[in-house]
There are 2 protein chains.
Amino acid sequence: MMNGSLTVGSMLERAERFFPKKEVVSRTLSGIHRLTYKEIGSRTRRLASALEKLGVGRGDRVGTFAWNHHRHLEVYFAAPGMGAVLHTINIRLSAEHIAYIINHAEDKVLLVDEDLLPLIERVRDQIPTVEAFIVMTDRDELPETTLEPVYSYEKLLAEGEPQFEFVKDLDENEPAGMCYTSATTGNPKGVVYSHRGIVLHSFAFGLADTAALSEYDVCMPVVPMFHANAWGLPFTATWFGSTQVLPGPQFTPKLLAELIETEKVTLTAGVPTIWLAMLNELESGSYDTSSLRAVICGGSAAPRGMIKSFETKFGIPFLHAYGMTETAPLATISRLKSYQRDLDVEDMLDIRSKQGILAPGLEMRVIGANGEVAWDGVEMGELLLRGPWIADEYYKDERSSEAFKDGWLYTGDVATVDEEGTIKLVDRTKDLIKSGGEWISSVDLENALMSHESVFEASVIAVPHSEWQERPVACVVLAPAYQDKVSKEDLMEFLKPQFAKWWLPDDIIFMEEIPKTSVGKFLKRALRDQLKDHLVSS
Amino acid sequence: MMNGSLTVGSMLERAERFFPKKEVVSRTLSGIHRLTYKEIGSRTRRLASALEKLGVGRGDRVGTFAWNHHRHLEVYFAAPGMGAVLHTINIRLSAEHIAYIINHAEDKVLLVDEDLLPLIERVRDQIPTVEAFIVMTDRDELPETTLEPVYSYEKLLAEGEPQFEFVKDLDENEPAGMCYTSATTGNPKGVVYSHRGIVLHSFAFGLADTAALSEYDVCMPVVPMFHANAWGLPFTATWFGSTQVLPGPQFTPKLLAELIETEKVTLTAGVPTIWLAMLNELESGSYDTSSLRAVICGGSAAPRGMIKSFETKFGIPFLHAYGMTETAPLATISRLKSYQRDLDVEDMLDIRSKQGILAPGLEMRVIGANGEVAWDGVEMGELLLRGPWIADEYYKDERSSEAFKDGWLYTGDVATVDEEGTIKLVDRTKDLIKSGGEWISSVDLENALMSHESVFEASVIAVPHSEWQERPVACVVLAPAYQDKVSKEDLMEFLKPQFAKWWLPDDIIFMEEIPKTSVGKFLKRALRDQLKDHLVSS
């Protein structure tokens, strides 16, 4: 067979040739813009030629510091298309970490959104590898900035070459992109995506049995393009000619709901905290969300109660998935098997609340205290993954050896596997509560709490205990309507019938807000620090 | 990213792990058998271990001479799984060609269906590379045969190792399978399929925008497993855990219709001649075909009239596709784009009668007399293809240089491309009618004729002409009900409004049957020989 390479550039070329009329709907600071793939294609080529003139060559890192919009999409294809490496930088990181990863990746050029300039100006003195800053703005004039040398994105494009040819002699294993993932402690860790990995991941995402992404879809990634390639959606949606809706800077649940209604979004994707907030919005507003065929939820476990609310209250089909920055990210997706369609509604919901089965192309193992766990839905073990879109190391990082062993990625996620091969995440290895030699899943307790109508958010952590080593303590945020109307005892009574007695939290603490990471996950480390003496002193 | 290989063995492993209860429904001489993927998996491993004991090693060719059934499916995975090469032999070839390809491929072992033994016995003396014959039969005792050494498939399995491990150190570019394709003249030409090519082809076949093959499907390949891997369906369906219905030896349209009804087949695939015969059967019988979501038709162009009949008379959705042995075979598939859904029914049918747009992962060019043709739906050119599941040579064959040039496969198919990138095959390069310096598509004339209610089959060929070099002549088989009731003039009147005058055939000849190739395509070479003096003498 022919041994041509699988490349990211060829994905855009397909959209240019076969779907030139289809649109990318992009929200920026100045409003909604509509660009066809034909326009996106020639703009991307102009950008690539401009980057080349600025000295960007094969393998050089091109950093982006931006929201989800069409210019960011153009960089997604321009950098890999010219043989450079797209490096998406998480705008929510601390200044210290932003400087660290720009230096660690040795970004040569940085493309920055106008409203995010101050965050880069703060670290300008610490990032000597950056030779040029390009400001992504709708305005004709560049905004005031201390950055230099600084260029206008649109001006560069105007001078660029719309017929610029993508490099043809790429090896598919060459790097196309990279993204840093937060570590529990210390600096973020870099994950490098190859052309091959991105193309194979896109194949997997278009399968009828996974997300079935299609030309018919209107795809809105709410998950940021600065985080794990927005789950690969910008690549996949472009390849298949889907309409894309990019929601831009500082969006609100209201704005997202309006975009779903006006643009007739069919598929959207984001983390559970986004969908919890969206649920509130849908309950208070009045939106037509009938175009939605799938809300993909990943990043952390989606509470069963939330899935049920979306489906029963609003008829919005939920698709629970699992992955991580290291897995490009699709690893598992939760769909009913054909012979599970006849189960009763609650049983089906039980299955669909799990993380699902492995995407074709990947391999998994779940390793407990005694080797590979039984597929009984009970025994817990750490999930290991292997496959062509799974990272094999952290970029130039000694911590690689902690997560990558014997050809497997050790995910740090604790899972059970049922007899159908469906995995259910029960915890992070570091969040498991080890009580008197037994394991308690913090996630199971959280999901139970969040299925109570009064609970908006819940996070359960291990707190040191003199007798049992660790005991669970729950931190709960009540929904506005239930403030001061629900007690600790009410919630404990609610949990009792659902768990063995020794699983029940030793305490439930009401909070106004649960601290979160830069990508919206509960920051349990902060809670653990805060509550480390809670059971000792009580 | 991890650089593990894409392998055929891992596809079966996925079915064993995640879909052990799903079934393969297999028809053999003794009737219907039902085997789960768990059973298929352990039987496949037993077979691989037995082949190893017989001396089959890495890279050795394992020949099959068999219908579509579960044992054939087991060889599909056992040979590549152990690092050997599955060589499927077309049972409809002449004895001379059968002997040629067994020798050319140097098959070490041959697995033969009981009822096909005589065809191999005839050539036994001419195939010295074959060291063992394995008879695939349901009976306990081996049938009488002159072949030797000869083994019983089931006896070998009984002694085999159900835990046999597939080879782990395969390079994905190693050969997994091979198939010979008929040449216009001379011996058949061998195409080698790599592990990588088969896996990527399966990804492409599962996409929502192509065939969307899914675990929910009940998949019945009517296209033979001895021809282009039954279009890859046995691999793809196994990987995704689809139910498979394998219709076995000497099936009839009636039998296929019954299987569709009783097994609730959702997707089936075959050449137009099969579906023409099926249409007759559906019209005369009474079958529930409501389970069908797609009838995939390829191999040669499906007449528009046939597509319309399936859809309007029986509500069976038709999916027109294009490929060849050299393309594994999926190259294009015809689906409406999202914005074409609002066209009127006839316009939609026009689009869906074309061969469709290119599968993601492939590249194409269409080269006419003046280079790449305009995408105007009019200009004709030869279709060139490139991509990871396209062959790059014929196996040990000097004719490779005719079809493989500059990294492209020259398909020998003449196509137009419309402004949407949809290709329409208008002819084979060798079947085009070159009349007075202009090109006439034999296929367009055939499709028009076959859309007449009286016409069962039509084949239009170029016949030498003293003035115009070549002129079209049509050979027509009337449907039984119309014998002697339709005249040449009737059909000519029917064609007139549809074509320019100079396109109309110089003659229409009624025949009882049109000669066909071993895979059911019209054998135009035979017609051309027969009619070469037709216009000279008339």
Side-chain angles (χ1 to χ4, degrees), chain A residues 1-6 10-11 13-14 17-22 173 192-194 196-200 202-204 206-217 239-243 328 335 337-339 341 357-358 360-361 363 375 386-392 404 407-409 420-421, chain B residues 1-6 10-11 13-14 17-22 173 191-194 196-197 199-200 202-204 206-217 239-243 328 335 337-339 341 357-358 360-361 363 375 386-392 404 407-409 420-421:
Chain A
M1 312 247 91
M2 294 179 181
N3 58 3
S5 286
L6 307 171
S10 67
M11 303 171 94
E13 281 171 353
R14 184 164 193 271
R17 292 203 89 180
F18 293 104
F19 310 105
K21 298 184 251 180
K22 293 291 301 287
N173 292 305
V192 175
Y193 303 112
S194 65
R196 171 183 166 97
I198 289 172
V199 173
L200 292 178
S202 293
F203 263 131
L207 296 176
D209 283 341
T210 61
L213 196 71
S214 153
E215 189 270 317
Y216 279 66
D217 278 312
W239 199 22
F240 298 150
S242 319
T243 301
R335 279 184 179 276
K337 291 182 181 175
S338 52
Y339 50 84
R341 280 177 300 191
I357 73 165
L358 198 65
E363 294 174 89
W375 283 22
R386 187 160 75 177
W389 58 87
I390 309 289
D392 60 353
F404 303 96
W408 291 89
L409 165 66
E420 297 291 342
Chain B
M1 311 245 93
M2 294 178 181
N3 58 3
S5 287
L6 306 170
S10 67
M11 301 172 94
E13 282 172 353
R14 186 165 191 271
R17 293 203 88 181
F18 292 104
F19 310 106
K21 298 184 250 181
K22 293 293 300 286
N173 293 304
V191 172
V192 175
Y193 303 111
S194 64
R196 171 183 166 97
V199 173
L200 292 179
S202 294
F203 263 130
L207 296 176
D209 283 340
T210 62
L213 196 71
S214 152
E215 189 270 318
Y216 278 67
D217 278 313
W239 198 23
F240 297 151
S242 317
T243 301
R335 278 184 180 276
K337 292 182 183 175
S338 51
Y339 51 84
R341 280 176 299 190
I357 72 164
L358 198 65
E363 293 174 273
W375 283 23
R386 185 161 76 176
W389 58 90
I390 310 290
D392 60 352
F404 302 95
W408 291 89
L409 165 67
E420 296 291 341

Taking B/Glu215 first and then A/Lys337, would you say they form a salt bridge - that is, a charged N and a carboxylate O separated by under 4.0 Å?
no
Check against side-chain contact (heavy atoms from CB on, under 4.5 Å), B/Arg196 and A/Leu6
CA-CA 12 Å; B/Arg196 171 183 166 97; A/Leu6 307 171; 3.7 Å; yes
Toward chain A, the part of B/Leu409 with a non-hydrogen atom under 4.5 Å
both
Between A/Leu358 and chain B, with a heavy-atom cut-off of 4.5 Å, which part of the residue counts as in contact: side chain, backbone, both or neither?
both
Identify which part of A/Arg386 has an atom lying under 4.5 Å from any heavy atom of chain B, answering side chain, backbone, both or neither.
both
What part of A/Arg14 lies closer than 4.5 angstrom to a heavy atom of chain B: side chain, backbone, both or neither?
side chain
CG-CE distance between B/Asp392 and A/Met2, expressed to the nearest 0.5 angstrom
6.5 Å
Between B/Gly197, B/Ser10, B/Gly387, which residue shows the highest count of heavy-atom pairs closer than 4.5 Å to chain A?
B/Gly387
Residues A/Ile357, B/Phe19; criterion side-chain contact (heavy atoms from CB on, under 4.5 Å); working and verdict:
CA-CA 11 Å; A/Ile357 73 165; B/Phe19 310 106; 3.8 Å; yes
Residue from B/Phe240, B/Tyr339, B/Phe18, B/Trp389 scoring the most non-hydrogen pairs under 4.5 Å with chain A is B/Phe18
When rounded to the nearest 0.5 angstrom, what distance separates CG in A/Asp209 from CH2 in B/Trp239?
11.0 Å
Which heavy atom of A/Ser242 sits nearest to which heavy atom of A/Leu213, and what is that distance?
OG-CG, 4.0 Å
Could you have a look at A/Pro360, A/Gly241, A/Gly4 and say which one has the most heavy-atom pairs with chain B under 4.5 angstrom?
A/Pro360
Between B/Trp375 and A/Arg17, the two heavy atoms sitting closest are CZ2-NH2, 3.2 Å
With rounding to the nearest 0.5 angstrom, report the OG to CG distance, A/Ser214 to B/Leu207.
9.5 Å
Report which part of A/Ala211 has an atom under 4.5 Å of a heavy atom belonging to chain B: side chain, backbone, both, or neither.
neither
Taking B/Ser202, B/Ser338, B/Ala208 one by one, which has the highest count of heavy-atom pairs under 4.5 Å against chain A?
B/Ser338
Between B/Asn3, B/Val199, B/Leu200, the one whose heavy-atom pairs under 4.5 Å with chain A are most numerous
B/Leu200
Honestly, the part of A/Ser194 sitting under 4.5 Å from a heavy atom of chain B is both
